[in-house]
Trainee: 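The structure's right below; bear with me while I get my questions together.
In what follows, every heavy atom counts, from backbone to side chain, and hydrogens, waters and symmetry copies are set aside.
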Amino acid sequence: MPATASATAWAIRMLKSRRRLRSRIFISFAVFGLALTLLFAGSAMYLRQRLENQLLGSALERNLNSYAQSFYVDPYTARGQPLEKVKGIVFSKRKFSTVPFAWRDLDNGVHTLTQRLPDGRVEEYKIAVRKDPDYWFFLTYESSSLLRSQQQLTYALILVVLVFAILSILIGAWLSSRVMRPVSELAGRLRTSRRAGTLQKLAPHFADDEVGELARALDEYAERLTGMVRRDHEFNADVSHELRTPLAVIASTTELMLAAPEMSEKLRERLKRIERASRQAAEIIDALLLLSRAERQGPADGESTDVAKTVADVLELQRPQLRNKPVSVSLNVEAALVVNAPASVVSVALSNLVGNAFKYTQQGDVLVRVQEGRVLVEDSGPGIKPEDAEHLFERGVRGEGVKGGGAGLGLAIVRRLCDLYGWRVRLAPRPEGGAVAILEFDAALRSPVPTEA
């Protein structure tokens, strides 16, 4: 098992390395160099063998014709005369039966034959044949030395292929490193700029080539993106300033009106609803602005929130959504829970989950349970399909079974808050019917519950 695991890990690393541009350049150059070397070696072997056969065959034919002419002029001088490794033999018509069996059926021309020597070795030789009506002429050439030279050439070419393969690998590694050096430098400068948090020009550091063109394109894109972020930040700040003032006016006016003793109970209840709505709007603005800033800078630490208390406030704020529907609402605090996050963030996340439960449930019950490390919002509404649960957190996606407006942004905002603070949120069908939303808080981001002395 360990060997299999290590082999699998090695294969994964190799697949990843093959996807890198540097590895592809290196492999391509090495394969090209090796293929070119093999092609050269094969061509050299083929041409050498072809030229040797042609030259040797033509030489044997010329020597055979010369031998035959010499034999007709002076048979006793020409017969059996050795020429280095070439030996000529002639048989007269009455001695055709003594011709070696392997030579009898040979046609005129050059042939390659083998023979077994007394010591058991097999020797290859070439033989040129010329058959006249009265005489058969044979010219033999012992080609074992030629075979040995061919073998030596083969070994030399194999060595050359190995040397050139190693050179191709070394040159491919050097070339890929040199080609990718500007790209690696560009990536390094981008990482440095990101860590520094400042916009630095990239194009001045590179030559006027493809990498320089890419650097200029990145500079232009960074300038446009920085401008968009700056305008977004300014817009958020302006919206925060403009909305806080009327909300503060609404809250203070409502507080003054609630202090009047002659007010009827029905009007007092309506003013309380206005007060809760203004407080909820202020919390939403705080959470969205915090989300906008924190996604650029990271979440801030220091503030903690009692989740059970926030859930109780959220239930009161969202209760008007039930109107006159026959829905019972209950809160079960099964464990104390305190998290390191602003109350506005926790309130916005829970308000969307509870608001969806109130909106989708036409009759039955909504149960909110505060447990160790998580909050469950259960409802008896139409429920959801398991395969659709994750899609409901996408921006603009709305659930089925609810009447009225809605842009499908609530759960998307909850997911963004969870991603920012390391929480987890999910939806699932409720076993007894309906749906359950589960908001889980990371243990590292939970504060210890204070105990009484």
Side-chain angles (χ1 to χ4, degrees), residues 276 279-291 294-295 298-319 321-322 327-361 365-381 384 389-390 392-393 410-432 434-453:
R276 289 195 297 267
R279 187 168 69 249
Q280 182 183 12
E283 290 178 348
I284 293 175
I285 292 173
D286 290 341
L288 293 179
L289 291 176
L290 178 64
L291 181 62
E295 285 181 331
D301 298 328
E303 188 174 352
S304 60
T305 301
D306 186 344
V307 176
K309 182 178 182 301
T310 303
V311 170
D313 294 339
V314 167
L315 291 176
E316 287 301 317
L317 288 172
Q318 297 294 330
R319 194 177 294 273
Q321 289 198 53
L322 294 175
V327 177
S328 63
V329 180
S330 56
L331 169 62
N332 291 347
V333 180
E334 302 173 12
L337 179 59
V338 178
V339 296
N340 289 329
S344 57
V345 173
V346 180
S347 177
V348 169
L350 291 172
S351 293
N352 280 285
L353 300 180
V354 173
N356 281 344
F358 286 177
K359 188 188 304 181
Y360 282 82
T361 304
D365 66 295
V366 173
L367 172 62
V368 181
R369 301 165 60 188
V370 180
Q371 298 179 341
E372 178 67 28
R374 66 178 187 173
V375 175
L376 281 70
V377 181
E378 304 178 7
D379 64 71
S380 58
I384 59 173
E390 190 64 23
L392 294 176
F393 291 99
L411 291 179
I413 293 174
V414 175
R415 172 58 62 85
R416 288 177 60 189
L417 291 172
C418 290
D419 292 341
L420 180 64
Y421 282 90
W423 305 338
R424 290 173 297 277
V425 62
R426 56 190 174 92
L427 298 174
R430 193 182 185 189
E432 57 270 28
V436 55
I438 305 172
L439 178 60
E440 298 177 326
F441 300 96
D442 194 300
L445 299 175
R446 297 203 300 266
S447 298
V449 179
T451 58
E452 296 181 1

Trainee: How far apart are the closest heavy atoms of Thr305 and Pro342, and which atoms are they?
Mentor: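 Between these two residues, the closest heavy atoms are OG1-C, 3.3 Å.
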Trainee: How many angstroms lie between CD in Glu440 and CG in Leu376, if you round to the nearest 0.5 Å?
Mentor: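 So the CD of Glu440 and the CG of Leu376 are separated by 8.0 Å.
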Trainee: Applying salt bridge (Lys or Arg N to Asp or Glu O under 4.0 Å), which residue pairs with at least one partner in residues 330-346 are found, sequence neighbours left out?
Mentor: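 Found Glu334-Arg369.
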Trainee: Yes or no on salt bridge (charged side-chain N to carboxylate O under 4.0 Å, His left out) for Asp365 and Arg430, after CA distance, side-chain angles and deciding distance?
Mentor: CA-CA 12 Å; Asp365 66 295; Arg430 193 182 185 189; 3.5 Å; yes
Trainee: Are Glu378 and Glu432 side-chain neighbours, meaning at least one heavy-atom pair lies under 4.5 Å?
Mentor: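 Answer yes - side chains close enough.
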Trainee: With Ser347, which residues qualify under side chain to side chain donor-acceptor pair (under 3.5 Å), at least two apart?
Mentor: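 Only Glu283 meet the side chain to side chain donor-acceptor pair (under 3.5 Å) criterion with Ser347.
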Trainee: What pair of heavy atoms forms the shortest contact from Pro429 to Val436, and how long is it?
Mentor: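 For Pro429 and Val436, the tightest heavy-atom pair comes out as O-CG1, 4.1 Å.
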Trainee: Taking all non-hydrogen atoms of both residues into account, name the closest pair between Thr361 and Gly381 and its distance.
Mentor: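 Thr361 and Gly381 have their closest heavy atoms at OG1-N, 3.8 Å.
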Trainee: Looking at Ala437 and Leu427, what are the two nearest heavy atoms and their distance?
Mentor: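 For Ala437 versus Leu427, the nearest heavy atoms are CB-CD2, 3.4 Å.
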Trainee: I'd like to know if Arg426 pairs up with Glu390 as an ion pair, taking the criterion as any Lys NZ or Arg NE/NH1/NH2 lying under 4.0 Å from an Asp or Glu carboxylate oxygen.
Mentor: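 No, this pair does not count.
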Trainee: Indicate yes or no: at least one non-hydrogen side-chain atom of Phe358 is less than 4.5 angstrom from one of Asp379.
Mentor: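 Phe358 does not reach Asp379 side chain to side chain.
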Trainee: Ignoring hydrogens, what is the shortest heavy-atom contact between Leu353 and Leu439? Give both atom names and the distance.
Mentor: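 That closest heavy-atom pairing would be CD1-CB, 4.1 Å.
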